[in-house]
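Take a look at the following structure, please.
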There are 2 protein chains.
Amino acid sequence: MNTASASASTDGSGGSGSSGGSGGPRWLSDEEQRTWRAFMHATTLLEDHLDRQLQRDAGMPHIYYGLLVQLVEAPRRRLRMTELAMRAKITRSRLSHAVARLEKNGWVRREDCPSDKRGQFAVLTDEGYGVLERVAPGHVAAVRQALFDRLTPEQQKALGEAMLVIAEGLQPEGAGADLPWLR
Amino acid sequence: MNTASASASTDGSGGSGSSGGSGGPRWLSDEEQRTWRAFMHATTLLEDHLDRQLQRDAGMPHIYYGLLVQLVEAPRRRLRMTELAMRAKITRSRLSHAVARLEKNGWVRREDCPSDKRGQFAVLTDEGYGVLERVAPGHVAAVRQALFDRLTPEQQKALGEAMLVIAEGLQPEGAGADLPWLR
DNA sequence: TCGTATTGCTTGAAGTATCAAGTTCCCTGT
DNA sequence: ACAGGGAACTTGATACTTCAAGCAATACGA
């Protein structure tokens with residue numbers, strides 16, 4: 001059976017190549033499997049690595065750090081909840097919980113939107129800014145060490161382009177329940 | 001401030017290039033930032049996508065599926081817990097919880113190791129195998145659609161190579177608390 | 001054959017994620 | 001002016017992850 005990140009072992013067709021009939025699933029070739037596994041291993045290990053790094057140095061997971069980053073880049077250091085969720089690629093629900101936690105830390109503050117009473121702004125506080133300032137160098141270093149220091153410029157370019165294609169293929173369009181932009 | 005996945009906005013140095021002194025952090029260039037963001041977006045979106053796909057079709061998250069895959073590839077469809085944890089790139093603790101859940105589903109069974117009384121085998125049950133058989137085609141299709149169908153062979157090759165380098169840089173060596181192979 | 005360190009795995013608590021509702025407010029058409 | 005539908009955000013329950021201990025068995029040196 002070929003299982004997307006599993007070499008053959010139980011199916012009769014031998015592992016790579018396409019299966020028999022016209023409608024059978026197109027299993028991954030050996031080459032594709034190696035690529036896919038490398039992809040998963042690298043992303044898993046890297047996410048874990050950065051999560052631990054930030055948990056240790058900043059007391060928050062990688063994605064929470066990403067939220068602060070989005071805010072610091074935004075005009076007046078604030079963003080509507082939905083906008084922030086879109087930029088960070090997470091659900092509104094997740095964001096609500098996350099901001100609640102960041103608020104408890106004093107790094108973010110909520111503010112009502114004057115023009116839309118349903119709306120909320122997430123605002124980066126000075127303390128939040130301070131954390132970012134203190135932690136960013138270490139984080140950049142970690143990213144650099146794990147990624148950029150190991151790849152040639154050509155590899156970096158190729159990686160960036162491939163990732164862009166993948167991201168675009170998975171993005172927005174269509175409407176849906178809670179993640180319109182993920183469908 | 002450059003924040004690894006944040007364009008400049010608050011630091012005086014202008015965003016790209018290196019900072020002043022000798023020991024200052026080496027911020028990411030604009031090009032590097034684009035790469036890094038594409039990387040994060042793609043991996044985030046893809047993980048979410050596959051998680052939902054498998055949650056919907058198989059009632060389990062992507063990583064649990066990966067555990068079953070490891071088992072089906074192993075001789076006699078069984079693996080020692082530690083070995084399984086290493087292959088799946090997760091902690092033993094996480095694996096213990098995960099296997100408990102898979103056991104409850106009837107997809108995996110635990111078995112004592114005869115030669116080491118501390119040891120446990122995780123064994124894929126027939127039902128577990130059945131789930132894999134039923135779900136694998138859809139999962140492969142999802143991976144193909146998100147990744148391989150969108151990239152040229154050259155891009156796939158480059159991606160695989162870059163990911164391999166990254167994964168290798170983050171892997172084993174040294175001893176540590178719970179994740180010796182992650183340090 | 002003890003004693004100690006190490007290995008293999010599990011547990012419980014606390015943190016985070018996901019899903020399905022739920023609330024309030026906005027917008028459109030009538 | 002108001003009904004209906006949709007949008008913005010939150011909430012609570014359940015599932016999953018992490019971290020720090022913890023237990024039992026093995027390995028090893030004295």
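Each chain gets a letter, A, B and so on, in the order the sequences are listed, and its residues count up from 1.
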Using a cut-off of strictly less than 4.0 Å, decide whether Thr82(B) has a side-chain nitrogen or oxygen near OP1 or OP2 of dC9(C).
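Looking at the OP1 and OP2 atoms of dC9(C), one of them is under 4.0 Å from a side-chain N or O of Thr82(B).
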
Heavy-atom pair of closest approach, residues Ala146(B) and Leu170(A)
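Scanning both residues, the minimum pair turns out to be CB-CD1, 3.9 Å.
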
5′-ward residue of the pair Gln55(A)/Gly59(B) relative to DNA chain D:
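In this pair, the answer is Gly59(B).
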
So, under a plain 3.5 Å distance rule, would you say the side chain of Ser93(B) forms a donor-acceptor pair with the base of dT11(C)?
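By the distance-only test, yes, there is a pair.
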
What is the distance, rounded to the nearest whole Å, between atom CZ of Arg92(B) and atom P of dC16(D)?
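The distance from CZ of Arg92(B) to P of dC16(D) comes to 22 Å, rounded to the nearest Å.
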
Consider the side chain of Ser96(A), meaning its heavy atoms from C-beta on, and name the nucleotide among dT11(C), dT11(D), dA17(C) that approaches it most closely.
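Nearest to the side chain of Ser96(A) among the choices is dT11(D).
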
Between C1' on dT10(C) and CE on Met81(B), what's the gap in Å once rounded to a whole number?
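Between C1' of dT10(C) and CE of Met81(B): 9 Å.
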
Test for a donor-acceptor pair under 3.5 Å between the base of dT10(C) and the side chain of His97(B), counting only N and O atoms.
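Counting by modelled atom types and ignoring angles, no donor-acceptor contact under 3.5 Å is found here.
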
According to a 3.5 Å limit on both distances, what stems of 3 or more consecutive Watson-Crick or G-U pairs are formed with DNA chain C?
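Runs of three or more consecutive pairs: C:1-30 with D:1-30.
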
Can you see whether Tyr64(B) has Arg101(B) sitting over its ring - NZ or CZ less than 6.0 Å from the centre and within 45° of the normal?
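No; the conditions do not both hold, so Arg101(B) does not lie above the ring face of Tyr64(B).
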
Would you name the heavy atoms of Leu132(A) and Leu68(A) that are closest together and state the gap between them?
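Heavy atoms of Leu132(A) and Leu68(A) come nearest at CD2-O, 3.6 Å.
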
Would you call Glu154(B) and Lys157(B) a salt bridge, taking side-chain N to carboxylate O under 4.0 Å as the test?
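Looking at Lys157(B) together with Glu154(B), the answer is no, because their closest N to O distance does not fall below 4.0 Å.
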
Residues in salt bridge (Lys or Arg N to Asp or Glu O under 4.0 Å) contact with Glu103(B), at least two apart in sequence or another chain
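With neighbours one apart ignored, the set is Arg110(B).
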
Taking only N and O in the side chain of Arg80(A), is any of them less than 4.0 Å away from OP1 or OP2 of dC9(D)?
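Answer yes for this pair, as a side-chain N or O of Arg80(A) is under 4.0 Å from OP1 or OP2.
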
Please determine if Glu32(A) and Arg144(B) form a salt bridge, counting it only when a charged side-chain N lies under 4.0 Å from a carboxylate O.
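A salt bridge links Glu32(A) with Arg144(B).
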
Residue-level proximity of residues 104-122 of chain B to DNA chain D when a heavy atom falls under 4.0 Å:
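Only Asp116(B), Lys117(B), Arg118(B) qualify.
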
Mind checking if Leu95(B) touches a base, just sugar-phosphate, or nothing, with heavy atoms under 4.0 Å?
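The answer is nothing, as Leu95(B) stays clear of every strand by at least 4.0 Å.
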
Could you identify which residues cluster with Leu164(A), counting Ile, Leu, Val, Met, Phe, Trp and Tyr as linked when any side-chain heavy atoms lie under 4.5 Å apart, either directly or through a chain of such contacts?
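Taking Ile, Leu, Val, Met, Phe, Trp and Tyr as members, Leu164(A) stands alone, with no cluster partners.
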
Salt bridge (Lys or Arg N to Asp or Glu O under 4.0 Å) against Arg109(B), all qualifying residues, sequence neighbours excluded:
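Partners of Arg109(B) by the salt bridge (Lys or Arg N to Asp or Glu O under 4.0 Å) criterion, ordered by chain and then number, come out as Glu111(B).
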
Which pairs would a plain distance check flag for residues 117-124 of chain B, meaning a side-chain donor or acceptor within less than 3.5 Å of a matching protein atom at least two apart in sequence or in another chain?
unit_1: Arg118(B); atom_1: NE; unit_2: Asp116(B); atom_2: OD1; d: 3.1
unit_1: Arg118(B); atom_1: NH2; unit_2: Asp116(B); atom_2: OD2; d: 2.9

